[in-house]
A.B. asks: 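My structure is below; once you've seen it, I'll send some questions.
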Amino acid sequence: MEELTFGEQVKIILGRKGMTIKELAELIEQKTGMKMSRQNLTQRLGRDNFQEQDMRMIASILECPFHLSIMDVEGQSAAKEELEARKKEQESDMQQMELPLEEMQVNPYQSSSVRMHPTRSGYVQVYQRETDDWVDMTEWAFLRDQEQKKAMLGEHYLPPVYVD
């Protein structure tokens, strides 16, 4: 069974407590001084767009314990799953190398390819193999993600390929 996102959990707790999203938004404003409209909170809950400090603050306001875990139900870490996905990706790359040239896929980019954004300063584009598309990301966010991957994967971390 798939685990619930933080946003889904908050909605369930609100229902159990008989509270509305508007009431939670007002409590957030009262306790933190941070501006929070019902619309903004609804969007963030829907997108599950929260930093850890915001999740802790909301859990505290709702008087619920907060547990942050990167382990799935079976006890395997998310890092192990990502490592397995990378191994499969590398195996696929190796199999493609063995194919005759006419059967080889055209796209040469790896999923860890990154390039400077052609028009936006401070942004990079990261190649996503799943969608076969380049995704815009701030340099800071990209570097943060790479540091997290490096910490999670340890010696299995593969640095990104920088494309000119």
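Values below: all heavy atoms of this structure, side chains included; hydrogens, waters and symmetry mates excluded.
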A.B. asks: Which residues pass the ring-ring contact (aromatic ring centres under 6.0 Å, His included) test with Phe6, sequence neighbours left out?
C.D. replies: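 Checked Phe6 against ring-ring contact (aromatic ring centres under 6.0 Å, His included); matches are Phe50.
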
A.B. asks: For the residue pair Tyr123 and Glu139, establish whether any side-chain heavy-atom pair is separated by less than 4.5 Å.
C.D. replies: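 Of all side-chain heavy-atom pairs linking Glu139 with Tyr123, none is under 4.5 Å.
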
A.B. asks: Once rounded to the nearest 0.5 Å, what's the spacing between atom CZ of Arg38 and atom OG1 of Thr20?
C.D. replies: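 One finds 9.0 Å between CZ of Arg38 and OG1 of Thr20.
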
A.B. asks: If you round to the nearest 0.5 Å, how far is OG1 of Thr119 from CG of Asp136?
C.D. replies: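 Taking CG in Asp136 and OG1 in Thr119, the distance rounds to 7.5 Å.
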
A.B. asks: Is there a path of hydrophobic side-chain contacts, each under 4.5 Å between heavy atoms of I/L/V/M/F/W/Y residues, joining Met137 to Leu143?
C.D. replies: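 Same cluster.
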
A.B. asks: If only atom types and distance count, is the side chain of Gln43 paired as donor or acceptor with the main-chain N or O of Asn40 below 3.5 Å?
C.D. replies: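 Flag not set: sc Gln43 to bb Asn40 has no pair under 3.5 Å.
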
A.B. asks: Distance check, rounded to the nearest 0.5 Å: Leu14 atom CG versus Lys22 atom NZ?
C.D. replies: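 With rounding to 0.5 Å, CG (Leu14) is 14.5 Å from NZ (Lys22).
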
A.B. asks: Which residue pairs pass the ring-ring contact (aromatic ring centres under 6.0 Å, His included) test when at least one of the two sits in residues 8-43, sequence neighbours left out?
C.D. replies: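 Not a single pair qualifies under ring-ring contact (aromatic ring centres under 6.0 Å, His included).
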
A.B. asks: With a 4.5 Å cut-off on side-chain heavy atoms, are Ser113 and Tyr162 touching?
C.D. replies: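 A side-chain contact under 4.5 Å is absent here.
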
A.B. asks: Kindly compute the distance separating CE (Met55) from SG (Cys64), expressed to the nearest 0.5 Å.
C.D. replies: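 Here the rounded value is 14.0 Å.
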
A.B. asks: Looking at Lys150 and Glu147, is there a salt bridge between them, counting it only when a charged N and a carboxylate O are closer than 4.0 Å?
C.D. replies: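 Between Lys150 and Glu147 there is a salt bridge, with a charged N closer than 4.0 Å to a carboxylate O.
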
A.B. asks: Taking distance alone, no hydrogens or angles, what donor-acceptor pairs closer than 3.5 Å link side-chain atoms of residues 28-36 to residues at least two apart or in another chain?
C.D. replies:
from	atom 1	to	atom 2	distance (Å)
Glu29	OE2	Met36	N	2.9
Thr32	OG1	Ile28	O	2.5
Thr32	OG1	Met34	N	3.0

A.B. asks: Would you give the length of the straight line joining atom CE of Met57 to atom CZ of Phe66, rounded to the nearest 0.5 angstrom?
C.D. replies: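 Reported to 0.5 Å precision, the distance equals 11.0 Å.
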
A.B. asks: List the atom of Arg56, the atom of Glu52, and the distance in Å for their closest heavy-atom pair.
C.D. replies: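 That would be NH2-OE2, 2.7 Å.
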
A.B. asks: Would Trp134 and Val126 count as a side-chain contact (heavy atoms from CB on, under 4.5 Å) if you check the C-alpha gap in whole Å, the side-chain angles of each, and the deciding distance to 0.1 Å?
C.D. replies: CA-CA 5 Å; Trp134 292 91; Val126 181; 5.6 Å; no

A.B. asks: Side chain to side chain contact (heavy atoms under 4.5 Å, CB included) with Gln51: which residues, sequence neighbours excluded?
C.D. replies: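 Listed in chain order: Gln53, Asp54.
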
A.B. asks: What residues form a salt bridge (Lys or Arg N to Asp or Glu O under 4.0 Å) with Glu63, not counting sequence neighbours?
C.D. replies: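 Testing Glu63 for salt bridge (Lys or Arg N to Asp or Glu O under 4.0 Å), a comparison that skips the adjacent residues, returns none.
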
A.B. asks: Can you tell me how far apart CG (Leu158) and CD (Gln146) are? Round to the nearest 0.5 Å.
C.D. replies: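 Leu158 CG to Gln146 CD: 10.0 Å, rounded to 0.5 Å.
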
A.B. asks: Tell me the ring-ring contact (aromatic ring centres under 6.0 Å, His included) pairs involving residues 24-47, sequence neighbours left out?
C.D. replies: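 Of all non-adjacent pairs touching residues 24-47, none passes ring-ring contact (aromatic ring centres under 6.0 Å, His included).
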
A.B. asks: Taking all non-hydrogen atoms of both residues, which atom of Asp48 and which atom of Gly7 are closest, and how far apart?
C.D. replies: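 Closest approach of Asp48 to Gly7, heavy atoms only: OD1-N, 2.7 Å.
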
A.B. asks: With respect to Val10, which candidate in Leu41, Ile21, Leu45, Thr5 satisfies the side-chain contact (heavy atoms from CB on, under 4.5 Å) definition?
C.D. replies: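 Of the listed options, the one satisfying the test is Leu45.
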
A.B. asks: Write down the atom of Pro65, the atom of Ala59, and the distance for their closest heavy-atom approach.
C.D. replies: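 In this case the closest contact between Pro65 and Ala59 is O-CB, 4.4 Å.
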
